[in-house]
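To find a chain, count down the sequence lines: A is the first, B the second, and so on, and within it residues start at 1. It should be emphasised that the depicted structure is a prediction, and the values quoted were computed from it without experimental measurement.
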Amino acid sequence: MGTPDFAVPSLEALLKSDDAVVGIVTQPDRPKGRGQILVPSPVKQVAQREHIPLLQPTKMKDAEFLRMLADWKPDIIVVAAFGRILPPAVLTLPPKGCINVHGSLLPKYRGAGPIQWAIINGETETGITTMLMDEGMDTGAMLLQEKIEIRSDDTAGSLSVKLAELGGRLLVKTVQQWKAGTLVPHPQDHSRATLAPLLKKEDGLIDWTMPAAALANRIRGLTPWPGAYTFYGSDRWTVLKAEALPESLTGVPGMVAAVTKQAIHVETGRGLLVVTELQPANGRRMKVGEYLAGHPISVGQRLVHGRS
RNA sequence: CGCGGGGUGGAGCAGCCUGGUAGCUCGUUGGGCUCAUAACCCAAAGGUCGAAGGUUCAAAUCCUUCCCCCGCAA
């Protein structure tokens, strides 16, 4: 069971492994983009390519769905970024249980946005944890765990690709060892658990009173989705790349303190944020140098929280 | 038919409303200046103005259709 790009490497890894994938479950096609066109999930596209039986339930407790799922007689159900809570009826279906691939070092960052929050919080390492699912949100007993470095230039997008890849490898290893009975589940230390809730569009709004270093992390964690944005006059900017400088020039958060050939220096709550890449509304992503070639930016203007 | 913005030399934009043979910033090339430079000065190259059709003496500019890109919203 899985839905977005993150789940694809896990599925592909399973397909290449010795175990048979008897069926795939993914979320229903959703209208997407400007034409409101129905788009199949990345996982569905693989399923169709491989001609593997596919279910797209709208409700997890739907009787028809549960009956068809049971008909597949799965030994194990593997879940990677599926996006739905599994009811007990599903969790207890496979004799060897449900295994989840999670993008963090549990018990830290339980929830839908572990990769993004790890970057936002300035972590320097994260990883993949495979675990036996229970009824809680990422609270099950852990099977295998592997660490990965978070580089200072990683964004949620780039890190997600790496973790998805690692997830696929670790998943196959987990399944093999679990079948062989050589794995001992380790209960999580619930007292050390932290939550990583799903990010919303509004979480991308930049609060210039925060320290520059925190904003730089936040921008990385919010890229490419939902995107960190701010407003210059009536223009909406999505800030794609920026770095923090410790010194401060004007002390007025949000003020454009300086403009060089390839960067816009913005005052924050502490230090300067040097913006080097952005995407204006109605435009494509571009280096600030390119943007400045056609858009005069005046020092002293303030970046604000809404269109003005 | 969800709302909206846009396609103009290599890049980013102005010009369109109030038709009359294309402009700005940057880049590129050549030259100059300088101990030196991604700095500065001078010069040059480079554009079927997304496509097709229409109106007109004349269309980047007005009308019609089509193609492509993007923001919001989901």
Can you tell me the distance, in whole Å, between the [atom1] atom of [X] and the [atom2] atom of [N]?
X: A:Leu278; N: B:G71; atom1: CG; atom2: C1'; result: 14 Å
X: A:Asp235; N: B:G12; atom1: CG; atom2: C1'; result: 13 Å
X: A:Tyr232; N: B:C13; atom1: OH; atom2: P; result: 15 Å
X: A:Ile297; N: B:C26; atom1: CD1; atom2: P; result: 15 Å
X: A:Glu290; N: B:A11; atom1: CD; atom2: C1'; result: 5 Å
X: A:Phe231; N: B:G71; atom1: CZ; atom2: P; result: 14 Å
X: A:Gln262; N: B:G12; atom1: CD; atom2: C1'; result: 15 Å
X: A:Glu202; N: B:A74; atom1: CD; atom2: P; result: 9 Å

Atom [atom1], compared across [N] and [M]: separation rounded to whole Å:
N: B:G46; M: B:C57; atom1: C1'; answer: 32 Å
N: B:C13; M: B:G50; atom1: P; answer: 14 Å
N: B:G47; M: B:G5; atom1: C1'; answer: 24 Å
N: B:G12; M: B:G6; atom1: C1'; answer: 13 Å
N: B:A39; M: B:U21; atom1: C1'; answer: 38 Å
N: B:G53; M: B:A60; atom1: P; answer: 14 Å
N: B:U48; M: B:A22; atom1: P; answer: 13 Å
N: B:A73; M: B:U8; atom1: P; answer: 27 Å

Charged N-O contact under 4.0 Å between A:Lys179 and A:Asp75: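 A salt bridge is absent here (no side-chain N lies under 4.0 Å from a carboxylate O).
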Can you label the angle between the A:Tyr229 ring and the A:Phe231 ring as parallel, tilted or perpendicular, going by 30° and 60°?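 Ring orientation of A:Tyr229 relative to A:Phe231: perpendicular.
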Can you classify the ring geometry of A:Tyr232 versus A:Trp237 as parallel (below 30°), tilted (30 to 60°) or perpendicular (above 60°)?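 The arrangement is parallel - the two ring planes meet at less than 30°.
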Quiz: residues 191-198 of chain A side-chain donor-acceptor pairs under 3.5 angstrom, not counting sequence neighbours:
unit_1: A:Ser191; atom_1: OG; unit_2: A:Asp189; atom_2: OD1; d: 2.6
unit_1: A:Thr194; atom_1: OG1; unit_2: A:Tyr109; atom_2: N; d: 2.8

Provide the Watson-Crick or G-U wobble partner of [N], both distances under 3.5 Å; none if there is no partner.
N: B:C72; answer: B:G2
N: B:U21; answer: none
N: B:C49; answer: none
N: B:A14; answer: none
N: B:G27; answer: none

Under the rule for side-chain hydrogen bond (donor to acceptor under 3.5 Å, both in side chains), what residues qualify as partners of A:Glu277, not counting sequence neighbours?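 If we apply the side-chain hydrogen bond (donor to acceptor under 3.5 Å, both in side chains) test to A:Glu277, skipping adjacent residues, the hits are A:Arg285.
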Quick one: which of A:Leu143, A:Leu144, A:Leu183 gives a side chain to side chain contact (heavy atoms under 4.5 Å, CB included) with A:Lys173?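 Testing each of A:Leu143, A:Leu144, A:Leu183 against A:Lys173, the sole residue satisfying side chain to side chain contact (heavy atoms under 4.5 Å, CB included) is A:Leu144.
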Tell me whether the OP1 or OP2 atom of [N] has a side-chain N or O from [X] closer than 4.0 Å.
X: A:Gln279; N: B:G71; answer: yes
X: A:Lys287; N: B:A11; answer: no
X: A:Arg284; N: B:G12; answer: yes
X: A:Arg30; N: B:A74; answer: no
X: A:His295; N: B:C13; answer: yes

More 5' along RNA chain B: A:Met286 or A:Gly289, using each one's nearest nucleotide?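 Final value for this comparison: A:Met286.
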Check the pair A:Ser41 / A:Thr26 against side-chain hydrogen bond (donor to acceptor under 3.5 Å, both in side chains), numbers first and verdict last. CA-CA 7 Å; A:Ser41 76; A:Thr26 194; 2.8 Å; yes
Is there a side-chain contact between A:Leu54 and A:Lys44 in this structure, where contact means two heavy atoms from C-beta onward sitting under 4.5 Å apart?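 Yes. Closest side-chain heavy atoms under 4.5 Å.
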Check nucleotides 40-45 of chain B for protein N or O atoms closer than 3.5 Å to its own N or O atoms and list the pairs.
none

Mind running side-chain hydrogen bond (donor to acceptor under 3.5 Å, both in side chains) on A:Thr129 and A:Gln145 for me, showing each step along the way? CA-CA 4 Å; A:Thr129 305; A:Gln145 192 167 76; 2.8 Å; yes
